[in-house]
Structure formats: C-alpha cells, structure tokens
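To keep things clear, I will list the structure first and then write my remarks on it.
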Protein chains: 2
Amino acid sequence: MKLDDVKKLQQKKYREEFGHFLVEGEHLVLELQKAAIKIPSLKNSELFVTEQYQAWQSDFKTHVITEKQMAQISDTKTPQGILAVVPFLPSSSSPTKTERAIYLYEVQDPGNLGTILRTLAWFGNFRLLLSPNSVDPYNPKVVRSSMGAIFHVAMELDVPLDALKNRFKKIACLDMQGKPLSDASLKDFDCYLFGNEARGVPHEYLSDLHAQAFTIHGCGAIESLNLASAVNICVYELTR
Amino acid sequence: MKLDDVKKLQQKKYREEFGHFLVEGEHLVLELQKAAIKIPSLKNSELFVTEQYQAWQSDFKTHVITEKQMAQISDTKTPQGILAVVPFLPSSSSPTKTERAIYLYEVQDPGNLGTILRTLAWFGNFRLLLSPNSVDPYNPKVVRSSMGAIFHVAMELDVPLDALKNRFKKIACLDMQGKPLSDASLKDFDCYLFGNEARGVPHEYLSDLHAQAFTIHGCGAIESLNLASAVNICVYELTR
C-alpha cells in the first residue's frame, strides 16, 4: 500500500474504503504474526519499519521507511518504528453452542472497548456484538488497548438492537435495578446486553426484548461503575 | 491562585509544591461540591469559569476568565469552561477494622488508576495504597477517569513495599500461579497486592512478604488481563 493511503487509515472512512487497519508497535506486530498462523487472510498484511527494525523476522511484505515517514503514518507521538497494515478480520464464523454473546450498545470509549476485548479473549468462549454508532474496533486506540486481544475474539459489527429478539432465546441486561449478579440464574442466558457509558440502553427497547435485569450492587458513594469493569465482572461471574 | 500558577498544576512537581490539583468539567466540579460537604478542606477550592458558567452555583471563590485563558490552564483540547483548583485530599484517617487495603506496586497508566479508584468507591470499604514511582493520583487524567471517585477513597501515597510486612498480618498477591480467586480463603487477608502493568511485582519481594498467590485463570489466548480488570474482579469477589 502507498504511504499516503496508509496514513489515511487513521480515519474510519478510509479504513472502511480500503478494508485495512493499523497495528503498531513490537508487541502488537508479534501478536499479529501469531494470529496469522490461524487466520490465513492476515498473511496479506504489509509491514512498514524504520532502519532499526529492518532485520525484523516476518512473512509479511516489508517496506523500510525513514523515521520522518513513520511519524507521518503513525498514530502515536513517539512511534516505535514498526507498523503493520492489516486486512479486516474475517467476519466471524457461526457461533458455537457453548459460546455466549456480549452485546454492547453504542459504546464510545476506545479504551473501554480495548479492555473489554482483552477480558473476552482472556476468559474465552465469548462473541462480541457491537451496535451501530459504536466506536470502531479498528480504531488504533482500540487495537492498542486490546493488546492483541482483537485477533482472538469473534466480532460482529453494526448489529441492530432489534435484531437480538429473533436471534437469541434469553437476553440479560446489566442495569441499575435487577437481581444481584451472583444469582445462579445469570448463567441461563445466551446474550448479555450492556448500555452506552453515559446513557445505558433506552428503556423502551429493553421491555420489547423481554430482557432480564441484573445489577452489580455498590455502596452508593458514586453514580456508576466503569462500563469495562461491569462487563469484566459479568464475564468473570459467568466463567466462575 | 494566579493563572500562571494554575497552569503549572498540570505538572506533578508544581502540584506537590502548591499542594493543589485540577478538577475540570461540570460533572467533576459537581462531585467536588458534594465531597466538600464531608471534607471541610475542600471548601478552600477556587473555581475558574468562562462566561457561559458565570451563574454557576457554588461556595467556592470564583474567577471569570476568557476562553483563551481557559484553554491555557486546561488539560483538555476542548475545555468545558469550568475548572477548579483543589487542595490535596487530607491524608487518610486510620483504617477501620472492616476495611481492606489494595496495594498497587508501580502502577503506570492513568486510566487504570482512575478505573481502579472508581471500582473501590463503587464497592466501598477499601483503602488504596500506592508504592513510590506510581502514577500520581492527582494527575488530571487520573482525576478525570476516576469520575469523582477520587473524593471517596482513602488513599496513602508513597508506601514502600517493605513497609507492608510490619503493618499487615496476611498479604495476598494476584499472580500467574496461585489458587483460583473463587477460593473461599481469598477473604482471609487484610492486604491485596497488585504488580505493575508490564512487570508485576519482583519475585524476591513476594517471598519476603510471605504473600499468598491467587490467580484469575484464563483460556490462554493472550498473555494477561488488564490490571484494572484484575483489581476489579478481586474486589468484586471480596464483596460478593
């Protein structure tokens, strides 16, 4: 890919146009190389490196560029000197029987989504569904904070909330007024729904989905728990 | 405080020199006002607002400044127009009998520390101890991502790791090879130790502390869970 086009991949509209995203830094490129063993399409990634990385071992087509050029295509203030241009991950295979779905409604914070991907990859056997108007999982900040977990989680993008009804049998929702999470029935669902950081899920949708509410009870000192923390605790409780 | 000095509070050395930190944005200033009811020293905060906020209700000494001045003292790219200069929180009172200590060794990421503060404030009855060389909890990014939780958690800064031995009876440590977190004995400790994001806790220290290891088991796809997620799951398990 031409350097001018690589630079554009920092923006969502060009990522969608080219079907590629950026993976930057030693750790993430190593994770990409491990993932390429399992996901054949990732072998078509291209690598851009500065002189210090010219001996880097990979099967990817590699371009040596100047530090100035790297600064132009990099998303970070102090580029590490190694960056890959990677094709979008394959649209995820059909769910397995034991897999549970985590549905995020309009999640906005890239760090939250990255952390959630890390949690789902850590525990395994979860599928991530994102609503329309969610932060793009191929955003460089999401990729970075996922620490490579993005290569290990089956993802589906732009899944409308009202599509859940026909697809899942029993939907649970994390909400402010529900059963405690430690209730044994938490495990009886096939989809777990989490709302936007500030606004949650609109209540009119919830009744339409016949979603069962669960709550992580706190002591009342502050308004809410961080979204990624809530997903994290729910996923832990499900695998406990 | 003079505007030139306020601007300096973005840097740790000046925060320490002046004993003040920045609290920016509507939500955080509201949380500060609520906290000032319980913590008398917070009443000495000063407020800096642009014209749009000049009718803002508070008991703080208030200065109306221009948008240009606000942009200079603000830590964010698009300032909200309201920012408080706040005295350091009182060094925390002596621990209560039911309180548990969470000790973080050289935590580096501001977002992680903010999220951890939020988790501790949410569940309540935890005290936060930070080692030397940890990220400063008065860093504007920590304050922001704590969403006001920083006003609700008893904190102690610069607590050396080797001071834990004399102070606590039984120390637990989250590590890669230990008992599962759901083990009933997790509750029998008075201090819970978490290592730095990349390096953990140096092993020579752990044996000296006779710390008992606990592990959050994963499926093996990725190297590690996010630090804030690990603290979060541990705290949830303790209050479960």
Side-chain angles (χ1 to χ4, degrees), chain A residues 27-28 30-31 34-35 38 98 109-126 141 144-154 180-183 197-198 215-240, chain B residues 27-28 30-31 34-35 38 98 109-126 141 144-154 180-183 197-198 215-240:
Chain A
H27 174 78
L28 280 176
L30 279 172
E31 289 293 319
K34 276 194 260 172
K38 289 186 193 167
T98 58
D109 184 81
N112 273 345
L113 184 54
T115 302
I116 290 168
L117 281 164
R118 223 169 135 184
T119 295
L120 301 186
W122 180 259
F123 289 104
N125 228 1
F126 287 93
K141 285 182 192 152
R144 191 160 54 239
S145 66
S146 90
M147 299 275 286
I150 194 169
F151 301 121
H152 299 280
V153 178
L181 214 65
S182 56
D183 188 291
E197 287 93 342
T215 301
I216 301 169
H217 288 285
C219 74
I222 55 170
E223 270 173 39
S224 66
L225 195 60
N226 166 271
L227 170 66
S229 302
V231 175
N232 191 47
I233 288 174
C234 176
V235 164
Y236 169 72
E237 186 64 53
L238 286 171
T239 52
R240 199 172 173 277
Chain B
H27 175 78
L28 280 175
L30 279 172
E31 289 292 319
K34 277 193 260 173
K38 290 186 192 167
T98 59
D109 183 81
N112 273 345
L113 184 54
T115 302
I116 290 168
L117 282 164
R118 223 170 136 184
T119 294
L120 301 186
W122 179 259
F123 289 103
N125 228 0
F126 286 93
K141 285 181 192 152
R144 190 159 55 240
S145 65
S146 91
M147 300 273 287
I150 192 168
F151 301 122
H152 300 281
V153 179
L181 214 65
S182 55
D183 188 289
E197 286 93 343
T215 301
I216 302 169
H217 288 284
C219 74
I222 56 170
E223 270 173 38
S224 67
L225 195 60
N226 168 271
L227 170 65
S229 302
V231 174
N232 191 47
I233 288 174
C234 177
V235 164
Y236 169 72
E237 186 65 52
L238 285 171
T239 51
R240 201 171 170 279

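A, B, ... follow the sequence lines: proteins, then strands. Residue 1 opens every chain.
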Met147(A) side chain reached by Ile222(B) side chain, heavy atoms, under 4.5 Å: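 Ile222(B) vs Met147(A): side chains apart.
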Sub-4.5 Å side-chain heavy-atom contact between Tyr236(A) and Ser182(B): yes
Shortest non-hydrogen separation from Ile216(B) to Phe123(A) and the atoms involved: CG2-CZ, 3.6 Å
Thr215(A): partners by side-chain contact (heavy atoms from CB on, under 4.5 Å), with sequence neighbours left out: His217(A)
Selection residues 222-237 of chain B - residue pairs positive for salt bridge (Lys or Arg N to Asp or Glu O under 4.0 Å), sequence neighbours left out: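 Listed once each, the pairs are Arg240(A)-Glu237(B).
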Selection from Asp109(B), Thr239(B), Val153(B), Leu181(B) maximising heavy-atom pairs under 4.5 Å formed with chain A: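 Looking at each of Asp109(B), Thr239(B), Val153(B), Leu181(B) in turn, Leu181(B) comes out on top.
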Top of Cys219(B), Gly220(B), Pro180(B), Ala221(B) for chain A proximity - count of heavy-atom pairs under 4.5 angstrom: Cys219(B)
Inter-chain contacts: residues 110-118 of chain B against chain A, heavy atoms under 4.5 Å: Thr115(B), Arg118(B)
Option that, when pairs with chain B are counted at under 4.5 Å, heavy atom only, ranks first among Ser224(A), Ala121(A), Gly148(A): Ser224(A)
Test applied, side chain to side chain contact (heavy atoms under 4.5 Å, CB included); reference residue, Ser229(B); option that passes from Ile233(A), Thr119(A), Val231(A), Val235(A): Thr119(A)
Salt bridge (Lys or Arg N to Asp or Glu O under 4.0 Å) against Lys34(A), all qualifying residues, sequence neighbours excluded: Glu31(A)
